[in-house]
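The chain is numbered in sequence order, starting from 1. Treat the numbers as computed from the prediction; the structure is a model and nothing was measured.
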Amino acid sequence: VNSTHNTQAPMCFTLLHPNLTHPQPQNTSILLNLDYTECDSTGSRWRVAIPLNPGECTGLPEPVQGLDCTFSCKAGEFLEMSAQECTRCAAGTYSLGSGLRFDEWDDIPPGFSSLAANPANAPNGQNVAKWVAQGLYLESNRDECTVSLIYTVHLKKPGSVSFDYQYVDNSIFFEFFVNLNSGTNILYWRTTRVTLGSKAVKPVVLKNIRIEGVAYTSECFPCKPGTFSRAPGSSSCEPCPRDTYSGRGASSCTPCNSKTHFASEGSATCKSRPPCSEKDYIQTYSTCDKDGKTQVIYKWVEPQICLEAAAGAVTLPPSGQREPCPPCNPGFYNNDTATCSPCPPGTYSDGVKACKPCPAGTEPVLGYEYKWWNVLPANMKTSCFNVANNNCDGLNGWEAAGNHVQSGAGRSDNDYLILTLTVPGFKLPVSVRGVSGSEYGRVTFEFETSCSSDCEFYFMADVNRRSTNVIESWDGIKTKQSYTHIITENSSVAFTWAFQRTSQASDVRQYVNDMVKIYSVTVTNAMDGVASACRACALQSQQAGSSCVPCPAGHYIDKETNHCQECPPNTVLSGHLIYGKEACQPCGPGSKSNKEHSVCFSDCSFTYTGRVRTLLYDFSALTSAGSIMNGPSFTAKGTKYYHLFNISLCGAEGHKAAVCRDNVTNLPNEDAGGGQQGSSVEAFLCQSTIIPSDGRGLRTALSSQSISLADTFQGATVEKSLNGITARPELFPSASKRIPDIHFFYRSSQVTTSCQRGRNAVVSLRCNPEKTAKGDISVPSECPAGTCDGCTFHFLWESSSACPRCSAVDYHAIEGACKAGVQDTVFVWTEPRLCTGGLTIPLKRTSPCEAIDFWLKVGAGLAVFCAILLISLTCYFWKKNKKLEFKYSKLVMSANKECELPVADSCAIMEGEGDENEEEEVVYANKSSLLAKLKAVATKVKEQKQLVKVFF
């Protein structure tokens, strides 16, 4: 990327860069520098002589009126100070006139310096973090220090700064500070890296710095090795052609001995040609001939640098047998020729049969479906790129290989092998053009990688030629798998696949057999696409030849009539498949659809019917997006960062109000209104990584790696699982048993390397009267990043708004005493109060009451008196009974003693008395009741009388 900054404020300056002057010998004894004094207020100055040796102040030339401060020479010229005239540069040298160029980086050039913002991370307090010169470019530091590359320049007229850079690692924040004005200017290139993963860092690369607007050039600069300028007055140097070389200040290039040596373009030396090996040839397929045949062929990597005749060299394997060519890709036909052509508009083909027109009532399904790779499709280009050199420029980065396309050999192991597919735009089918939604198309590709080093495979997209952004990347060995990216903007897009075998530069090829294979690439709804099939469309009428018409938003195509019918309430159309009523998918529990039937959302109301009561909820206070920033967390090098989550819970007719912005990896783009809009992610739930500005020397906090965690709402329920997503209440203990938590379930369809089924999120609403209406959001203490497995995120939103609406069961009445014929009834909330809004508590109620009647009081008193009397009599008779029992016992004992003689009639017992005695014994032994005891006493008295009669 080339970056240029300009200024338009003219002003003269006086101090010269050290490299812009040279000694001018005035006599044989004194060496002098001719220089200009500072400009005065009139814009004039003097040329003076300055001795190189201090103290030699005699015999100096007199000052001479100098050229005005705005003077400068043209490009290709320098100012000869003795005559104060512009002179053309000699062959082998160049000049920018009023500019500087830095394109050699064997060392850090004079005037440049590195400054680390946190040298405390360096061992022993030494500042080891700095920009590193790598010959043809500068490379940023690979640690987590914030390091600035600083250069001071003095401008005397409107100028500019331009440079080339490579910036592919989104874990690095790359900044360039410039505010060009006439006078002294300080240029900053600054990098800040935050390592949140285990991937190897890709440093920022900087080269070809050019500054315009300096005072003048008093000498020409020699061409660097590998370049030359053939004519005087050159403003730049050209690179030497392939198989030639040059030294510094060359006006021409010297050819190498092509039989034994070679040289890449822009080489300073020739290198010996090595013996050919297996790494120097590749396998590919020949193009289909007129007979429809192809064959496997082997060819040397171009340009060929190895020697076939050298000792130990290998030879090319023989070509394979001729085989039938693979069929054309779907949507193409060969018409009995060796090439495949796209089907005409309105027709379709599977790639084998001839193109056919779509039947009545249908329309072609446009797109690309590439699965046969005899040659690259016309809208695909391949290239090779290496920021450090031009060795692989012009080489094919990818090669067609029949049933797949694979990465090529390149020239170096750290080359970027690039495959680009350009889509001019997207065109929805006629029937769904009225359907609202954010999906315009999809790109799906199937691939696998085979690596023995730190290879990395990138998938990138450039929308409207603004900037190329990495969508996903894979490192190491990956088995055959598929990846899908959804296009949400109807724009021109260039999709790029890039493969790098290793990030370490080396002159020796070690990983040439590492490669990536892409088996298929499918793009839907491409504007210039072809059709492999047809789909039913909505017809204007039932008459023959009726044309297809777009269905209104939220309508499906009836299978019987081919007319548009509106989806039932609370259903949404599944993407762009609108044929049949089954295309209308029902929304989940606790959700409804918008008017266009394009999205399910919560309208901030919820109803739960339990065993005892029905709870009504109103979440209107939670309509605006909520946020939580958890942390801080620290990287392995001690850099502090936070995770910011934005949550759009309900309302807004399904509009995704959670927005996460990225101010690191994407360049801002000017919109039509002249403003700037940075990269952002809109979703129901999104996440950003925040790097605070404190301690890093940053002007503002960094927000990077913004991702969507939820783009579809699955539903809200008190159950623990829904559609394969499971809530984990154990992560948030202390839930109320009276009021259950309400779980909002979300899903993101965008798959990642670690989440093959996409990401999920669960937001649990908990009633907490002590919280505000907006409430607080928290993440599990066991999983401070919000997720325990990296794919399912859990949040707890505690709020008083999460309590159900109050009803009559949430309060109770308390009746006061009747005083003076009046009784008060007050109503109080049942504690703890777990409701909000709804019914208000009734006011105190006063009602008349009657006192107790006098005779009722008298009756109550008599009843109490009788009860006391009855109890007293009972106690009296019980005591009397005890005394009688005692007397009876004594009589029985005395009677037994007097009747010891065996006289039959002396101790006779009256008939029936034995039974009574038995009964008495049983009753007495069993502690009989009061009535039984009174009966027993009477019986004993009778017995005593009979005994007295016997004795007398």
Taking side chain as C-beta onward, heavy atoms only, is [X] less than 4.5 Å from [Y]?
X: Asp462; Y: Val493; answer: no
X: Lys224; Y: Leu136; answer: yes
X: Trp497; Y: Tyr458; answer: no
X: Trp131; Y: Phe112; answer: no
X: Ile471; Y: Met460; answer: no
X: Tyr281; Y: Val301; answer: no
X: Thr244; Y: Thr254; answer: no
X: Gln166; Y: Tyr416; answer: yes

Report yes or no: is the cationic atom of Lys480 (NZ for Lys, CZ for Arg) closer than 6.0 Å to the six-membered ring centre of Tyr519, at no more than 45° off its axis?
yes
Could you walk me through whether Asp475 and Asp454 pass the side-chain contact (heavy atoms from CB on, under 4.5 Å) check?
CA-CA 7 Å; Asp475 55 359; Asp454 59 331; over 6 Å; no
To the nearest 0.5 Å, what is the distance between [atom1] on [X] and [atom2] on [Y]?
X: Ser162; Y: Ile211; atom1: OG; atom2: CD1; value: 9.0 Å
X: Ser113; Y: Leu149; atom1: OG; atom2: CG; value: 7.0 Å
X: Asn208; Y: Asp164; atom1: CG; atom2: CG; value: 4.5 Å

Going through the checks in order, is the side-chain contact (heavy atoms from CB on, under 4.5 Å) test met by Tyr188 and Ile186?
CA-CA 7 Å; Tyr188 288 88; Ile186 302 178; 3.3 Å; yes
Working for side-chain contact (heavy atoms from CB on, under 4.5 Å), residues Ser412 and Asn386:
CA-CA 8 Å; Ser412 305; Asn386 193 315; 4.2 Å; yes
Over all atoms of both residues, closest heavy-atom pair of [X] and [Y]:
X: Ser520; Y: Lys371; result: CB-CB, 4.2 Å
X: Pro239; Y: Gly266; result: CB-CA, 4.1 Å
X: His261; Y: Cys270; result: CB-CB, 4.0 Å
X: Ser229; Y: Ser236; result: CB-O, 4.0 Å
X: Gly99; Y: Thr217; result: O-OG1, 4.1 Å
X: Cys451; Y: Gly476; result: SG-O, 3.9 Å

In this structure, is the centre-to-centre distance between the rings of Tyr151 and Phe102 below 6.0 Å?
yes
Hey, would you say the Phe445 and Phe447 ring centroids sit under 6.0 Å apart?
yes
Verdict with supporting geometry, Cys89 and Tyr94, side-chain contact (heavy atoms from CB on, under 4.5 Å)
CA-CA 6 Å; Cys89 294; Tyr94 74 97; 5.8 Å; no
Val204 backbone acceptor or donor facing Ser140 side chain under 3.5 Å
yes
Between Ser246 and Thr227, is there a donor-acceptor pair closer than 3.5 Å when you use the side chain of the first and the backbone of the second?
yes
Criterion salt bridge (Lys or Arg N to Asp or Glu O under 4.0 Å) on Glu265 and Arg242, from CA distance to verdict:
CA-CA 4 Å; Glu265 183 180 4; Arg242 184 177 289 116; 5.4 Å; no
Ion pair Glu238/Arg230, N-O distance below 4.0 Å:
yes
Salt-bridge present (Arg248, Glu104; N to O < 4.0 Å):
yes
Once you measure the plane-to-plane angle for Phe459 and Tyr483, does it fall in the parallel (<30°), tilted (30-60°) or perpendicular (>60°) bin?
perpendicular
Evaluate whether atom NZ of Lys381 has more than 12 neighbouring non-hydrogen atoms of other residues, nucleotides or ligands under 6.0 angstrom away.
no
Does atom CZ of Phe457 have more than 12 heavy-atom neighbours, drawn from other residues, nucleotides or ligands, at distances under 6.0 Å?
yes
Partners meeting side chain to side chain contact (heavy atoms under 4.5 Å, CB included) with Ala83 (sequence neighbours left out):
Glu80, Glu85
Residues at least two apart in sequence or cross-chain that pass salt bridge (Lys or Arg N to Asp or Glu O under 4.0 Å) with Arg322, listed by chain then number, are Asp289, Asp291
Contacts of type ring pair (Phe, Tyr, Trp, His ring centres under 6.0 Å), residue Trp373, not counting sequence neighbours
none
The single option from Phe163, Trp105, Tyr165 passing side-chain contact (heavy atoms from CB on, under 4.5 Å) against Lys207:
Trp105
Please name the residue in the list Asn414, Asn513, Leu417, Asp415 that meets the side-chain contact (heavy atoms from CB on, under 4.5 Å) test with Arg501.
Leu417
Does Asn141 form a side-chain hydrogen bond (donor to acceptor under 3.5 Å, both in side chains) with Thr191? I'd like the steps, not just the answer.
CA-CA 8 Å; Asn141 57 303; Thr191 59; 3.1 Å; yes
Do we see a donor-acceptor contact under 3.5 Å between the side chains of Tyr137 and Asp103?
no
